[in-house]
Amino acid sequence: MLNLKSLNPQQRKAIEYDEGPALIIAGAGSGKTRVLTYKVAYLVEQGYEPDSILALTFTRKAALEMKERTKKLIGSKADQIWMGTFHSVFSRFLRSEAAHINYEPNFSIYDTEDSHSLVSNVLESLKLSPDNYNPGSIRHRISYLKNHMISPEKFKKNYISTFPEQKVFEVYVEYQKRLRENNSMDFDDLLLKPIELFSNNPKILTKYRKKFSYILVDEFQDTNKAQYELLKLMSSKDGKITAVGDDAQSIYSWRGADITNILNFEKDFSKCKVFRLEQNYRSTKSILAVADCVIKNNKDQIQKTLWTDNPQGEAVTLIKCSDEKDEAYQISRVIKNEITTNKRQLKDFAILYRTNSQSRALEDVFRREKIAYAIIGGLEFYKRKEIKDLVAYLKVINNNIDEESLLRIMNFPQRGIGVTTIQRMIVFARKHEITLFETMSRVFEVIDIKERIQKNVKNFKVLLDKYMILKDELSVGEMTRALVDELGIISLFKDEKSVEGRQKIENVQELLSSIMQFSNQNPKAALGDYLQEVSLMTDTDSNNAERNFVSLQTVHSAKGLEYPVVFLSGCEEDIFPLSNKFSTDATVQEERRLFYVALTRAMEKAYLSHARSRYRFGEVAYQNRSRFIDEISPDLCCELNGGLGKKANRKSKKEIYYEYFENMDYVDFNQENIDLKVGVRVMHDKFGLGKVIHVVGAGEAQRVTVSFEGNNVKQLMIKYAKLKVLS
DNA sequence: AGGCTTGGCTTTTTT
DNA sequence: AGCCAAGCCT
Ligand SMILES: Nc1ncnc2c1ncn2[C@@H]1O[C@H](COP(=O)(O)OP(=O)(O)OP(=O)(O)O)[C@@H](O)[C@H]1O
């Protein structure tokens with residue numbers, strides 16, 4: 001029997017309400033996600049079939065976490081509940097129903113970079129110069145239109161006034177056409193195509209409506225028009241649907257998120273009942289008061305009460321710094337202090353920043369100070385060139401009309417097929433109305449390509465053909481390993497004889513082992529199943545709960561998370577709020593909401609740091625402190641003891657560094673892998689028994705050199721290699 | 001065909 | 001400072 005005792009009466013009411021649509025609007029840390037999780041469990045207990053419940057979250061990680069927690073409440077029944085992001089859930093439906101929207105079920109999913117290069121190709125074939133038509137901004141424009149459910153036809157009818165707009169329209173049309181020809185969809189299509197599917201096929205809509213008897217949505221404030229439309233389609237007016245959100249935490253409008261969805265919900269679901277949660281369980285009174293000071297400067301937010309029973313706690317602390325290095329040093333010093341005086345662990349800390357580029361100074365200093373850290377998000381693993389290239393092979397093998405992926409690998413690794421050859425083949429393909437892939441088998445008819453090069457193309461085609469057969473005979477893992485061997489990718493990178501080259505090898509090996517792992521966990525999985533997973537995967541997804549390090553991440557990726565101690569770095573005008581030439585009052589308000597999100601991640605203590613100057617765009621910029629700090633009532637915060645910032649100002653970097661060094665009692669702050677030292681014996685899944693002969697770096701970047709049995713010496717990244725330490 | 005240099009532009013944030 | 005795309009040279 002589900003125990004609802006750990007929930008307050010407001011929360012319980014929201015959970016037990018099952019007479020119609022419910023909208024839960026509540027501030028940060030009031031238990032929205034917790035309520036949603038319990039509600040899922042409650043519904044199952046009330047007799048709903050687990051596989052008739054659909055829970056939609058903002059990130060994959062949030063979905064995995066919700067699944068874990070539901071499992072704790074109701075056990076293995078939780079496995080059958082549909083939990084995922086809009087993108088992943090609806091793309092699965094699309095694969096089953098592909099025929100109804102004139103697609104093949106093995107369609108590829110294009111990420112932003114793929115879309116970008118498709119736009120470039122479209123511009124080229126429409127003979128539009130990239131000087132006048134910037135591929136990036138056009139891609140963004142098209143995505144914006146799609147996000148707002150403005151089809152090319154609608155765009156043409158209602159929005160075109162100028163000549164360049166007319167061209168955008170033409171690119172838009174051609175872009176969509178190419179996507180279809182490539183049997184590919186971009187992220188936006190994953191939401192738009194289901195709408196098309198449901199609108200044109202009432203029977204299928206009925207099927208899905210019947211299939212799902214209850215829908216729950218987390219982070220509702222960050223859904224876009226298309227997502228909301230899908231919700232309306234999937235549930236009836238008096239439908240069984242619960243949405244939770246906080247308008248003050250809407251931080252994705254740049255991606256099409258539309259706050260008016262919250263307001264419309266009450267209208268569109270007329271019998272909707274609104275619930276409010278007012279007790280915050282996460283933060284101290286000090287932190288909440290500061291957050292409230294800031295957010296109340298946004299006039300348009302929905303009025304909400306938020307109080308807490310938690311202790312007053314320490315005042316929020318400002319850290320004044322001379323520059324970004326100083327900022328990093330001061331933060332690392334506070335972390336060390338907190339660890340020794342307050343018995344904290346590294347994993348209790350998060351350092352948040354507005355832009356990814358701010359992580360660099362922090363990383364440098366943390367590495368030097370031996371503070372184990374991990375970058376969450378950042379340059380994502382799956383966006384690295386060597387990874388994308390390899391995945392492009394898999395995409396082509398799975399869906400050979402995917403021209404973007406084919407173009408990507410045509411000459412990687414180099415096989416003497418240059419741009420001119422490719423252009424000639426494309427001309428041939430268009431003329432004969434066949435795909436580029438088909439052109440490759442008829443390359444001997446493309447007479448303006450030299451014979452030697454025709455042979456290269458032919459060989460490449462033979463290779464691809466072979467793997468298209470192998471894909472049905474080998475597991476995804478085995479096939480990819482064979483492919484990597486045959487392409488000679490590892491030795492290619494080895495020959496680069498550089499740190500980057502070695503990094504690439506590690507990345508490729510990491511990809512291989514993750515594919516292997518996938519194959520082992522899903523023995524029956526086909527290549528397409530793996531690609532479906534990998535195309536919607538992001539770095540933030542990996543679950544690091546058990547590991548002990550400081551987390552470095554953007555405020556955006558910290559949404560929904562909580563940490564005992566939070567540092568918010570770079571609280572300066574132009575950075576937070578971030579500004580550019582397009583800044584408006586609306587964008588500043590969103591920055592303020594982002595600031596609110598950042599603050600409310602903190603449970604016990606928040607530090608706000610700002611620097612007088614920092615490197616930006618390759619030169620020193622003098623910074624003013626953020627207006628958001630000035631919005632905080634002065635009696636709610638204090639400055640870091642002893643005016644460290646001023647002191648640091650007068651000393652050189654070197655002096656500061658040595659001063660820290662001398663004053664520091666010897667404590668190894670690298671709490672993670674503390675026992676991974678030279679000489680220690682370790683066990684590796686693949687390589688077997690070995691001995692550590694070298695350790696470099698800290699945190700995420702930490703690497704060890706291990707001598708395995710049989711004179712087999714390997715460099716491994718701790719982050720990826722699962723080493724067992726043998727005592 | 002492919003490698004190297006230059007010049008423009010950039011940093012938002014991510015499914 | 002660092003990345004990418006375009007252009008130039010071999
Ligand atoms: N009734 C309760 N009793 C004890 N702890 C609670 C209760 N409700 C929520 N919490 C705790 O409060 C914290 C915040 O909960 P949760 O993450 O669900 O809030 P949220 O409203 O989704 O937050 P946010 O919108 O900021 O992401 C969690 O640690 C959760 O376990």
Side-chain angles (χ1 to χ4, degrees), chain A residues 56-63 84-91 109-113 115-117 120 123-124 129-131 134-137 140 143 146-147 185-191 219 222-224 226-227 250-257 324 352-361 376-380 382-383 385 410-424 449-450 452-453 456 534-541 553-559 570 574-583 587 590-591 593-595 597-598 614-621:
Chain A
L56 296 162
T57 58
F58 191 73
T59 61
R60 251 174 69 98
K61 186 181 174 193
T85 60
F86 277 86
H87 291 86
S88 82
V89 167
F90 285 98
S91 61
I109 297 175
Y110 283 0
D111 67 11
T112 314
E113 193 190 332
S115 296
H116 182 103
S117 67
S120 297
L123 287 174
E124 196 183 316
S129 147
D131 296 342
N134 174 290
S137 51
H140 186 261
S143 175
K146 292 172 84 168
N147 269 323
M185 299 196 195
D186 64 13
F187 283 142
D188 304 320
D189 280 337
L190 298 182
L191 305 173
E219 309 279 15
D222 278 321
T223 51
N224 64 25
Q227 289 167 325
S250 167
I251 54 176
Y252 280 90
S253 71
W254 50 273
R255 215 177 78 185
E324 73 271 27
L352 308 183
Y353 35 77
R354 179 62 182 81
T355 61
N356 278 310
S357 58
Q358 286 167 256
S359 72
R360 172 162 259 129
I376 319 285
L379 209 200
E380 289 173 24
Y382 293 97
K383 292 204 177 117
K385 186 179 176 308
M410 191 74 87
N411 202 26
F412 172 86
Q414 278 181 10
R415 49 173 73 84
I417 307 178
V419 258
T420 338
T421 306
I422 293 174
Q423 264 162 9
R424 285 172 183 157
I449 295 178
K450 284 202 205 87
R452 183 174 57 87
I453 292 172
N456 293 341
V534 89
S535 301
L536 296 172
M537 190 112 82
T538 63
D539 239 16
T540 29
D541 293 340
Q553 60 195 320
T554 62
V555 184
H556 280 91
S557 71
K559 166 154 121 160
D574 292 346
I575 289 189
F576 208 163
L578 187 70
S579 66
N580 64 16
K581 50 188 180 245
F582 303 115
S583 298
T587 58
E590 177 146 320
E591 294 290 313
R593 291 193 292 269
L594 192 57
F595 200 87
V597 170
R614 73 174 65 228
Y615 265 95
R616 291 190 74 199
F617 303 115
E619 52 190 25
V620 178

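In the text below, chain A, chain B and the rest are named by the order of the sequence lines, each starting its count at 1.
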How many Å lie between [atom1] on [X] and [atom2] on [N], as a whole number?
X: A:Arg614; N: B:dT11; atom1: CZ; atom2: P; answer: 18 Å
X: A:His140; N: B:dT13; atom1: NE2; atom2: C1'; answer: 11 Å
X: A:Asn147; N: B:dT14; atom1: CG; atom2: C1'; answer: 12 Å
X: A:Glu113; N: B:dT15; atom1: CD; atom2: C1'; answer: 16 Å
X: A:Tyr353; N: B:dT12; atom1: OH; atom2: P; answer: 16 Å
X: A:Arg60; N: B:dT14; atom1: CZ; atom2: C1'; answer: 14 Å
X: A:Leu578; N: B:dT14; atom1: CG; atom2: C1'; answer: 15 Å
X: A:Ile251; N: B:dT12; atom1: CD1; atom2: C1'; answer: 12 Å

Given 3.5 Å as the limit, does a donor-acceptor pair link the side chain of [X] with the main chain of [Y], or not?
X: A:Ser120; Y: A:His116; answer: yes
X: A:Asp222; Y: A:Ile251; answer: yes
X: A:Asn356; Y: A:Thr554; answer: no
X: A:Thr587; Y: A:Ser583; answer: no

Give one of base, sugar-phosphate or nothing for [X], where a contact means two heavy atoms less than 4.0 Å apart.
X: A:Phe58; value: sugar-phosphate
X: A:Thr421; value: sugar-phosphate
X: A:Ile453; value: sugar-phosphate
X: A:Thr112; value: base
X: A:Tyr252; value: sugar-phosphate
X: A:Glu619; value: nothing
X: A:Asn411; value: sugar-phosphate

Under 4.0 Å: is that the gap between some side-chain N or O of [X] and OP1 or OP2 of [N]?
X: A:Asn356; N: B:dT14; result: yes
X: A:Thr420; N: B:dA1; result: yes
X: A:Gln553; N: B:dT13; result: no
X: A:Thr59; N: B:dT14; result: no

Are A:Trp254 and the base of B:dT13 stacked, counting only ring centres nearer than 5.5 Å and planes tilted under 30°?
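One would call A:Trp254 stacked on the B:dT13 base.
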
With no hydrogens and no angle check, do the side chains of A:Gln358 and A:Thr355 hold a donor and an acceptor under 3.5 Å apart?
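On atom types as modelled, these side chains qualify, holding a pair under 3.5 Å.
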
Relative to the 5' end of DNA chain B, which residue comes earlier, A:Ile422 or A:Leu594, by the nucleotide with the nearest heavy atom?
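Of the two residues, A:Ile422 wins.
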
Closest-nucleotide ordering on DNA chain B, the 5'-leading residue of A:Gly418 and A:His556
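Residue closer to the 5' terminus by nearest nucleotide: A:Gly418.
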
Among all residues two or more places apart in sequence or in another chain, which pass the ring-ring contact (aromatic ring centres under 6.0 Å, His included) test with A:Phe58?
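Testing A:Phe58 for ring-ring contact (aromatic ring centres under 6.0 Å, His included), a comparison that skips the adjacent residues, returns A:Tyr252.
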
Can you tell me whether the side chain of A:Ser357 and the base of B:dT11 have a donor-acceptor pair closer than 3.5 Å?
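Under the 3.5 Å cut-off, the side chain and the base do form a donor-acceptor pair.
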
Check whether the side chain of A:Arg354 and the base of B:dT11 form a donor-acceptor pair under 3.5 Å.
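Per atom types, no contact qualifies.
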
B:dT11 - base-pair partner by Watson-Crick or wobble geometry, distances under 3.5 Å
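Check on B:dT11: unpaired, no WC or wobble geometry under 3.5 Å.
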
Closest to side chain of A:Arg360, choosing from B:dT12, B:dT15, C:dG2
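The answer is C:dG2, which lies nearest to the side chain.
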
